[in-house]
There are 2 protein chains.
Amino acid sequence: MATQGKRTRIEDIRRVELIAAAHRVFLEHGLQGMTSARICREAGMSPGILAYYFKGKDEVLFGMVRYNNRLLMEDVIARLAAAQTHWARLEAIVEGNFPAQAFTRPIASAWISVCAEAGVNEQYARLQRVFHRRLRSNLASVFGGMFDAVRLQEASLIVAALLDGLWLRKAVADDIGRDEAITLVFTGIRSLVSDKEEKLLRSGRGHKRAAPRRQQ
Amino acid sequence: MATQGKRTRIEDIRRVELIAAAHRVFLEHGLQGMTSARICREAGMSPGILAYYFKGKDEVLFGMVRYNNRLLMEDVIARLAAAQTHWARLEAIVEGNFPAQAFTRPIASAWISVCAEAGVNEQYARLQRVFHRRLRSNLASVFGGMFDAVRLQEASLIVAALLDGLWLRKAVADDIGRDEAITLVFTGIRSLVSDKEEKLLRSGRGHKRAAPRRQQ
DNA sequence: TAGATTTTTGTATGCTCATACAAGATTCTA
DNA sequence: TAGAATCTTGTATGAGCATACAAAAATCTA
């Protein structure tokens, strides 16, 4: 058994391959449809392999959710780095939460099924909370210098709920497109800030710019 | 077989009992935990009985979702009937979507699991759409005379998404109470309408009052 | 290359659950 | 009350699945 010191390389490779396969299966079939057999088939391996590299299905699942969150986060962080004004940072956050190819019904539905599971399984809930906290912290870094604590809390909760609600609608009714969703979020945001505040956010010299949070 | 004309009474009684039991099980254990055996036990009957009164589990499930929606709807309709001003109608709609005893984590989580299923099963999606359409139609009956078509569409989508998003947060993080949620929705709504418009809504003589829709 | 170690395969086991059904209990009817 | 119709029970069947595992294949080591 190679446990200490020099780790055998193939183990890490297989684990990543399997998690990536699990991710693809998840996006297509949701949490329900993500069976061991399907994951292995997707990865081009034999059905028993999963039990060799993972303690159980839960381990694959947590790995998969983390993998997914990391992908989304990297995108948002790249967009944030390129943003010059606070308004651009806001666009980065909102657009990053509606990835161009990913705002589809099956993906929305898959994501919602994780939220449903989080209501029952405390470990999933923790993963989701980490994700959410970062979203709100990013929003806070935009609104922070402008709003007092109460209004900041309110505004970031409302925007976060709006994002979630639109994903939910996508899953249930699929009657909304990506651009429409983004437009709606900005309609909501513009109504939450005054004209003077919006001008400030667009100017890029409004107030001190806080660093984005890096968690996980 | 008593099929035509005078229906045997007991059949209807049992079906309602079983659906009510299914509803209770659903609220406590979610869609996953709602097994045939548990439903029958909850109803105080033998495990085989379900197959006698229903064609399959799906039939119970659809019945249960309809039952749930009807309960919520009756509440909103009663509140709407008592409302004197447009603003009061708005309060009726929003508060009706956060039933006092029902804004709990397990119930939120159960409801989210139905939404997740709706992403996969077209029949569930239809049920959810009926529900949603009525919500938006109720909102439209408040905003209708005041907003043009585009703004009406936007506002009702945003408010609906906000409601959904707060339920989702309840399921995932459970870091928000009923009163807080209602306050947040009204913060959002107040920012969507101008001061002049809000005054109009509160006056009760703002514009023609449309009848609430009665579907299903 | 022989033998040890690691990796992969395919299948077996056991669990949960929906559904079917035979047989028993109850209620109705004449 | 006899017999028919209706209702209820308990269990059997089989599907779908996670997980365990024996054995085969591949790779490493000396």
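Quick note: numbers below take in every heavy atom, side chains included, and nothing from hydrogens, waters or symmetry partners. Just so it is clear, the structure is predicted and the values come from calculations on it, not from any experiment. To find a chain, count down the sequence lines: A is the first, B the second, and so on, and within it residues start at 1.
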S.K.: Roughly how many Å is it from CZ in A:R9 to P in C:dT5, rounded to a whole number?
M.R.: 23 Å

S.K.: Before accepting this row, confirm whether a basic side-chain N of the pair B:E59/B:R15 lies closer than 4.0 Å to the acidic partner's carboxylate O.
M.R.: yes

S.K.: Specify the separation, in whole Å, of atom CD1 of A:I39 and atom C1' of D:dA18.
M.R.: 11 Å

S.K.: Whole angstroms only, please: what is the CD1-P distance between B:I13 and C:dT27?
M.R.: 13 Å

S.K.: How close or far is atom P of C:dA18 from atom CG of B:L50, stated in whole angstroms?
M.R.: 9 Å

S.K.: Could you tell me which non-hydrogen atom of B:P99 sits nearest to which non-hydrogen atom of B:R178, and how far apart they are?
M.R.: C-NE, 3.9 Å

S.K.: Rounding to an integer number of Å, can you tell me how far A:K57 NZ sits from D:dT19 C1'?
M.R.: 12 Å

S.K.: Using 30° and 60° as the class limits, which term best fits the ring planes of A:W111 and A:W167: parallel, tilted or perpendicular?
M.R.: tilted

S.K.: To the nearest angstrom, how far is A:R15 atom CZ from C:dT7 atom P?
M.R.: 13 Å

S.K.: Assess the residue pair B:I93 and B:L139 against the criterion (side-chain contact (heavy atoms from CB on, under 4.5 Å)); give the C-alpha distance rounded to whole Å, side-chain angles, the decisive distance to 0.1 Å, and a yes or no.
M.R.: CA-CA 8 Å; B:I93 295 169; B:L139 288 172; 4.1 Å; yes

S.K.: Whole Å only: how far is the CG atom of A:D12 from the P atom of C:dT7?
M.R.: 10 Å

S.K.: I want to confirm an ordering. Mapping A:R38 and A:A51 to their closest nucleotides on DNA chain D, which one lands closer to the 5' end?
M.R.: A:R38

S.K.: Go along nucleotides 8-13 of chain C 5' to 3' and tag each nucleotide: B for a protein heavy atom under 4.0 Å from its base, S when only backbone or sugar atoms are that close, - otherwise.
M.R.: BBBB--

S.K.: State whether B:S36 places a side-chain N or O below 4.0 Å from either non-bridging phosphate oxygen (OP1 or OP2) of C:dA18.
M.R.: yes

S.K.: When you measure from the side chain of A:R38 to the backbone of A:G33, do you find a donor-acceptor pair of N or O atoms at a distance under 3.5 Å?
M.R.: yes

S.K.: Tell me the interatomic distance from B:L61, atom CG, to C:dA18, atom C1', rounded to whole angstroms.
M.R.: 13 Å

S.K.: Salt bridge check, B:E154 against B:R151: does any charged N sit closer than 4.0 Å to a carboxylate O?
M.R.: no

